[in-house]
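As structure tokens, the structure follows; a few thoughts come after it.
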Amino acid sequence: MRGLEESGCGSTATPCGCVKPSLETGNLLTEPIGYLESCFLAKNGTPRQPSICSHSRACLRIRKSIFNNPEHSLMGLEQFSHVWILFVFHKNGHLSCKAKVQPPRLNGAKTGVFSTRSPHRPNAIGLTLAKLEKVEGGAIYLSGIDMIHGTPVLDIKPYIADYDSPQNLMEPLGDFNLQNNQQKPKATFHSDGETNSCYQRQCPGCGEPEPYHSTKGKPKYPEGRTSEENCLKHRDRAELQRILPMHREVAADFGLESRSDQRLSVAEKQAGPHCLEKSFSEGGTDKKLRSVEGAAVLPGSSTEVRPAARYCPARVADGSPCSLVPAWVREAPVATLEVRFTPHAEMDLVQLSSAEVGHSSFKYFQSAEEAKRAIEAVLSADPRSVYRRKLCQDRLFYFTVDIAHVTCWFGDGFAEVLRIQLASEPAQITDSVESLLS
Ligand SMILES: C[S@@+](CC[C@H](N)C(=O)[O-])C[C@H]1O[C@@H](n2cnc3c(N)ncnc32)[C@H](O)[C@@H]1O
């Protein structure tokens with residue numbers, strides 16, 4: 001990689017210093033395939049991740065300037081339950097050049113931008129796994145989203161658990177692996193905090209990583225599959241049946257089920273992306289908390305997060321390692337809040353969903369109850385910035401979801417919705433953005 005950078009291989013710099021877009025150099029001139037129509041009007045109150053609010057909805061229409069027949073490009077997509085959406089954080093104001101950021105869950109502490117999902121990154125590209133509700137002509141309807149209205153979308157890819165789930169990729173390959181030496185072993189952290197680039201194989205029982213040697217020969221697999229995919233594909237269904245009950249149990253222990261009903265159903269469909277931080281005995285009955293050494297950050301600290309001295313892989317019953325996340329991602333200092341509605345706010349909500357009083361009813365939600373659950377989900381995850389949480393506790397907080405403009409305040413361990421008013425109708429995205437571009 002270094003050689004490439006230094007030799008300026010395939011450089012397309014012009015005399016004025018501009019770099020012409022070129023696939024070879026990675027200078028890609030993107031053209032959005034569409035602009036998202038989302039139930040979230042602005043950044044304020046938009047969930048930090050798609051799993052927070054399963055009722056959040058959006059629609060994406062593929063632009064005719066991309067494909068004459070947009071519906072052709074979506075052919076077959078309806079067979080998938082989830083899709084990856086690649087998009088531009090177009091409301092960031094500017095591109096970010098900060099190598100370290102302060103994710104809200106770290107409560108003021110800093111960590112490297114690439115170890116976070118921060119919207120502020122050198123290329124302002126976001127990645128969201130959304131539920132695909134339906135495909136209709138040249139449009140897709142999504143739920144469980146964390147993008148705002150007008151977000152430029154660059155690409156859609158189907159979510160395929162066989163390819164996208166670390167659990168599948170990390171399953172032990174046994175003799176197959178040893179014969180072919182094709183498994184890309186997991187890099188591990190050592191006590192100096194440096195990532196070890198040597199190939200490592202995790203020993204059973206969370207012990208020291210055991211070095212192992214690789215050769216360069218690459219065996220061929222049908223349909224361009226990797227050795228891992230080839231080896232594991234047929235076992236996935238059976239494995240999933242066996243593993244899922246444990247995921248459910250652990251999710252309940254962690255309070256994940258109550259936070260979002262989608263979280264677990266996604267886990268079930270995805271065969272393991274929500275690998276939970278517990279270890280199990282061989283029989284799967286003796287559960288105990290896995291000690292995660294990713295980071296130890298005290299609430300209010302402004303320190304940086306140090307990498308773990310040594311990672312201990314999460315394992316399922318048969319000892320297969322699955323995905324790892326540092327402790328701060330789940331054991332955040334931000335508690336889940338109780339959400340209350342004043343009687344006035346409850347009444348507002350009913351009125352808003354009723355056509356009788358002359359209001360337009362919800363555009364994205366199917367009922368007042370669904371809107372209420374979405375508002376609850378947004379607030380229970382505490383959408384405030386660290387600054388607001390610490391220094392502006394007594395300020396009112398506003399956000400708009402669908403046609404509801406929500407006013408609330410935060411107390412100790414709770415959020416209370418005071419008023420829900422009719423928001424001004426979101427602009428017709430196809431009109432405004434298209435006219436800007438032409
Ligand atoms: C933390 S990011 C995560 C996005 C995505 N799931 C990811 O991991 O790349 C989500 C936040 O980005 C902000 N956001 C969403 N759409 C945006 C846009 N088009 N421009 C700027 N910020 C946006 C919202 O404040 C939302 O809470």
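Numbering of ligands and ligand atoms starts at 1, following listing order.
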Looking only at protein heavy atoms, identify the closest one to atom 2 (S) of ligand 1 and say how far it is in Å. R117 O, 3.7 Å
Main-chain N/O of I33 paired with R63 side-chain donor or acceptor, under 3.5 Å: no
Does ligand 1 come near enough to I125 that some N or O of the ligand is less than 3.5 Å from an N or O of the residue? no
Using a strict cut-off of 4.0 Å, indicate which atoms of ligand 1 neighbour a heavy atom of T151. 16 (N), 18 (C), 19 (N)
V401: which of L41, I375, I420 passes side chain to side chain contact (heavy atoms under 4.5 Å, CB included): I375
Does the side chain of F40 reach to within under 4.5 Å of the side chain of S56, using non-hydrogen atoms? yes
Between Y364 and F362, ring centroids under 6.0 Å: no
What protein heavy atom lies closest to atom 12 (O) of ligand 1? Include the residue and the distance to one decimal. F89 CE2, 3.6 Å
Proximal ligand 1 atoms for T128, defined as those under 4.0 Å from one of its heavy atoms: 5 (C), 6 (N)
Would you check if there is a donor-acceptor pair between the side chains of W84 and D164 at a distance under 3.5 Å? yes
Measure from NZ or CZ of R384 to the centre of the six-membered ring of F410, then state whether that distance is under 6.0 Å and the direction lies within 45° of the axis. yes
To the nearest 0.1 Å, how far is atom 22 (N) of ligand 1 from its closest protein heavy atom, and which atom is that? K43 CD, 3.4 Å
Would you mind listing which atoms of ligand 1 come within a distance below 4.0 Å of any non-hydrogen atom of R48? 1 (C), 2 (S), 3 (C), 10 (C), 27 (O)
Please work out, at 4.0 Å between heavy atoms, whether the side chain, the backbone, both, or neither of P152 comes within that distance of ligand 1. neither
For atom 15 (C) of ligand 1, state which one of T46, L127, D146 supplies the nearest heavy atom. D146
Can you find an N or O of F87 that's nearer than 3.5 Å to an N or O of ligand 1? no
Measure the distance from atom 16 (N) of ligand 1 to every protein heavy atom, then report the residue, atom name and distance (to 0.1 Å) of the closest one. I148 N, 3.3 Å
Under 4.0 Å from a heavy atom of G126: which atoms of ligand 1 are those, numbered in the order shown and with their elements? 9 (O)
Do the rings of W409 and F414 sit parallel, tilted or perpendicular, given the 30° and 60° boundaries? perpendicular
Relative to the heavy atoms of K91, which atoms of ligand 1 are at a distance of less than 4.0 Å? 20 (N), 21 (C)
Would the number of heavy atoms belonging to other residues, nucleotides or ligands and lying under 6.0 Å from CZ of R419 be above 12? no
Donor-acceptor pair, K43 side chain versus K91 backbone, under 3.5 Å? yes
Per-atom contacts of ligand 1 with Q49, taking only distances under 4.0 Å to non-hydrogen atoms: 3 (C), 6 (N), 8 (O)
How close does the nearest protein non-hydrogen atom get to atom 26 (C) of ligand 1, and which residue and atom is it? P47 O, 3.4 Å
May I ask you to test the C408-E416 pair for a side-chain heavy-atom distance under 4.5 Å? no
Which of the numbered atoms in ligand 1 are under 4.0 angstrom from any heavy atom belonging to V88? 19 (N)
